[in-house]
2 protein chains.
Amino acid sequence: MTISADPTPSEAAAQAPAPPSRRELNKAATRQAITDAALALLRSKGPGNFTVEDIADAAGISRRTFFNYFGSTDAALASVTHGFLDNAIQQFRLRPADEPVLQSAQEALMALADPMTVAPLAELFTLTQQSSLMSHSELEAWDHCREQITAVARDRASATPGAADELYLRALAGSVISCGKAAMEVWFFRRGADLSPASLAELRQLLIDAMALLGSGFTIGGTPAPSSSASRSS
Amino acid sequence: MTISADPTPSEAAAQAPAPPSRRELNKAATRQAITDAALALLRSKGPGNFTVEDIADAAGISRRTFFNYFGSTDAALASVTHGFLDNAIQQFRLRPADEPVLQSAQEALMALADPMTVAPLAELFTLTQQSSLMSHSELEAWDHCREQITAVARDRASATPGAADELYLRALAGSVISCGKAAMEVWFFRRGADLSPASLAELRQLLIDAMALLGSGFTIGGTPAPSSSASRSS
DNA sequence: TCACCCTTTTACACTACGTGCAAGTTTGCA
DNA sequence: TGCAAACTTGCACGTAGTGTAAAAGGGTGA
């Protein structure tokens with residue numbers, strides 16, 4: 001009956017590369033107008049200081065139509081994160097199946113540490129003042145990503161000797177997500193919304209370090225010693 | 001003005017061991033009545049099929065008073081998780097400061113794998129059908145626990161040679177939480193709400209295995225091989 | 001161009017959430 | 001006993017989110 005707000009434009013475009021019909025163009029434009037309006041209001045009024053009606057008015061649609069696209073203001077904002085993580089999963093799936101999961105994750109993340117890709121996420125993070133308590137939709141996006149990683153790891157494991165241990169898969173995927181989040185949090189904390197080459201290089205190094213920590217079991221020399229290879233605390 | 005709903009009864013009792021004044025007793029009783037009513041309604045009607053007013057009526061209080069204690073139905077139910085995790089942190093803090101964090105986590109979790117402690121959490125999990133998308137308050141409880149672990153790890157690291165690397169602390173704490181959650185998810189998936197000695201033994205083994213996976217960098221023999229030491233897939 | 005059908009938007013109504021406020025009630029304390 | 005603080009309650013208000021039915025827009029074939 002009503003529109004399902006699930007598929008991201010990029011997904012739909014990937015599945016239907018040919019026919020950008022007028023209806024789909026309108027929908028994509030409306031969706032974009034909503035997220036733009038929501039981000040603009042976030043910038044101007046701050047988190048929690050605007051309503052769905054504000055967004056709808058700014059986007060030039062009715063309040064009811066907003067809810068045809070997103071379930072809440074948080075969900076509209078979280079589409080930014082969703083887009084980024086969908087991108088990450090896409091890169092992750094492109095890695096060779098015989099590569100260790102941790103390395104695949106690292107390589108996939110490297111491919112995303114460019115200004116254009118990171119900028120929206122960085123802005124969203126700073127505007128919501130990395131309050132550590134993400135919105136529900138935000139957390140759902142990360143959890144969705146975790147499930148995707150689990151699925152890929154499961155596929156890879158099923159192609160090898162024994163059947164996959166569910167604990168191994170879930171613990172690994174969850175840890176990868178946690179470490180990725182940790183690296184980004186530290187980066188945002190140190191650099192704010194700085195997107196300079198030096199700052200992005202530091203982000204890459206943090207992501208590499210985080211995956212290395214995970215791969216080494218958090219024991220640098222046999223005991224739980226902090227301070228990894230390259231990244232320096234400010 | 002209004003009552004702050006932050007402190008758990010156990011915390012308040014721990015900070016003020018002597019004076020259980022009449023007011024505090026009343027508040028504790030009301031809080032307990034609310035969570036009991038919420039759990040009963042969850043059992044009888046299922047998640048999402050009852051309102052705040054239903055809970056308030058069942059607990060014998062006004063709707064407004066409910067909101068003096070909890071910000072939402074989710075928050076009332078999440079007090080179960082909150083209690084469990086507060087307990088875990090308490091155990092965690094009792095461990096010797098020179099012990100590796102991962103081992104402290106393991107030991108703390110061992111102390112909680114008894115029927116009385118796990119039962120409420122297990123029931124909550126099964127009643128909400130481990131839908132993988134926890135409520136906001138539920139996730140907040142886990143995140144609060146993560147921050148506590150980070151704090152303890154930071155304290156321990158600051159007592160050793162170099163200053164603590166923020167990335168190390170955050171990645172470690174996040175991974176510990178993720179692996180703990182993974183172990184519990186797998187246990188709930190395999191055993192449902194089974195609280196028999198054998199089932200609890202399996203939970204303990206899963207928790208041990210999860211921490212071992214983390215400590216070994218998820219590489220059992222040098223390559224990412226699944227199937228850990230003792231736990232068997234059903 | 002028109003007519004027809006399907007999709008999308010919109011207005012309206014309704015339930016429920018969460019909060020400020022100003023009472024009323026209970027508890028602690030002198 | 002009386003006062004002050006803490007706590008509960010009812011009321012009102014704005015907002016969230018959803019069902020429904022009617023209107024507007026787009027696709028398609030004659």
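Numbers restart at 1 for each chain; the letters A, B, ... are given by sequence-line order, proteins then strands. Just so you know, these numbers come straight off a predicted model, no measurement behind them.
The side chain of A:N68 lies closest to C:dT9, out of C:dT9, C:dT27, C:dG20. Each of D:dC7, D:dT18, D:dG10 was ranked by its minimum atom distance to the side chain of A:R64; first place goes to D:dT18. Closest approach to the B:Y69 side chain among C:dT8, C:dT27, D:dT8 is made by D:dT8 (side chain taken as heavy atoms from C-beta onward). Side-chain atoms of A:R23 lie closest to C:dT8 of the nucleotides D:dA16, C:dG20, C:dT8. For B:S62, whose side chain is taken as the heavy atoms from C-beta onward, the closest listed nucleotide among D:dG26, D:dT9, D:dG19 is D:dT9.
Whole-Å rounding puts the B:F67 CZ to C:dA16 P distance at 12 Å. Going from atom NZ of B:K27 over to atom P of C:dT26 covers 18 Å, rounded to whole Å. Between the NE2 atom of A:H136 and the P atom of D:dG17 there is a distance of 11 Å, given to the nearest Å. Regarding A:N49, its CG atom lies at a distance of 14 Å from the C1' atom of D:dT15, rounded to whole Å. Between the CZ atom of B:R31 and the C1' atom of D:dT8 there is a distance of 16 Å, rounded to whole Å. In this structure, the CG atom of B:D74 is 14 Å from the C1' atom of C:dG18, given to the nearest Å. Residue B:F70 contributes atom CZ, which lies 14 Å from atom P of C:dT19 at whole-angstrom precision. Residue A:L25 contributes atom CG, which lies 17 Å from atom P of C:dT7 at whole-angstrom precision.
Projected onto DNA chain D by closest heavy-atom contact, B:T65 and A:F66 fall at different nucleotides, the more 5' of which corresponds to B:T65. Remark on DNA chain C: of its neighbouring residues B:N26 and A:R63, the 5'-side contact belongs to A:R63, judged by nearest-heavy-atom nucleotide.
At C:dG28, one or more side-chain N or O atoms of B:S21 fall inside 4.0 Å of OP1 or OP2 (strictly under the cut-off).
Of the possible polar contacts, one joining the A:T128 side chain to the A:L124 backbone as a donor-acceptor pair under 3.5 Å is found.
Checking B:N68 against B:R64 by side-chain atom types alone, a donor-acceptor pair falls below 3.5 Å. Of the N and O atoms on the side chains of A:D36 and A:Q32, at least one donor lies less than 3.5 Å from an acceptor on the other residue. For the residue pair A:S178 and B:S178, a side-chain donor N or O sits within less than 3.5 Å of a side-chain acceptor on the partner.
Side-chain atoms of A:R22 and base atoms of D:dG26 include no donor and acceptor less than 3.5 Å apart.
Heavy atoms of A:T51 sit under 4.0 angstrom from primed sugar atoms or phosphate atoms, though from no base atom.
Taking a 6.0 Å sphere around CZ of B:R22, one finds it holds 12 or fewer heavy atoms contributed by other residues, nucleotides or ligands.
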